[in-house]
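What you see is a predicted model; the values in this text were computed from it and never measured.
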Amino acid sequence: MGVLQYLTFTRPDIRFAFNRVCQFMHAPTYSHWIAVKHILRYFKGTASYGFHITRSSFFNLHDFMDANWAGSIDDHKSMGGHLVFFGQTPISWKSGKQRTVARFSTEAKYKALADDIVKVI
């Protein structure tokens, strides 16, 4: 699990799945072990993915965000996230559950946008 934790720094696509599996490390079951093997197989097939720091003459700041309305089956909270680029290099990213339950998908997007703006500023 320590190796996977290191990979989450450059591979945010596995961060959520890894976090879910780590919540059951104190009493893992067979299904959790299957989930870990699934993460490892996914990583093996996408080993060239990840953030790559490159030198660039572009100094634009770009921010991308999205939200998944009621994405958590446990508590129906929406998932939101953002990715900030400086030029072609990612400098900040975050994903996670929103603090409150959104009634509409538009509300989930606005909450994600508000959290994103606070994070960037």
Over all atoms of both residues, closest heavy-atom pair of L83 and D63: O-OD1, 3.3 Å
Co-members of the apolar cluster containing Y30 [side chain, <4.5 Å]: I34
Nearest heavy-atom neighbours spanning A35 and V21: CB-CG2, 3.9 Å
Closest non-hydrogen atom pair, I39 against F18: CD1-N, 3.9 Å
Partner set under side chain to side chain contact (heavy atoms under 4.5 Å, CB included) for S31, not counting sequence neighbours: T29
Minimum heavy-atom distance between A67 and A108, given as atom pair plus value: CB-O, 3.6 Å
Parallel, tilted or perpendicular: ring planes of H32 versus F24, cut at 30 and 60 degrees: parallel
Inter-residue atom distance F85.CZ - L61.CG, 0.5 Å rounding: 11.0 Å
Which residues share a ring pair (Phe, Tyr, Trp, His ring centres under 6.0 Å) with F16, sequence neighbours left out: none
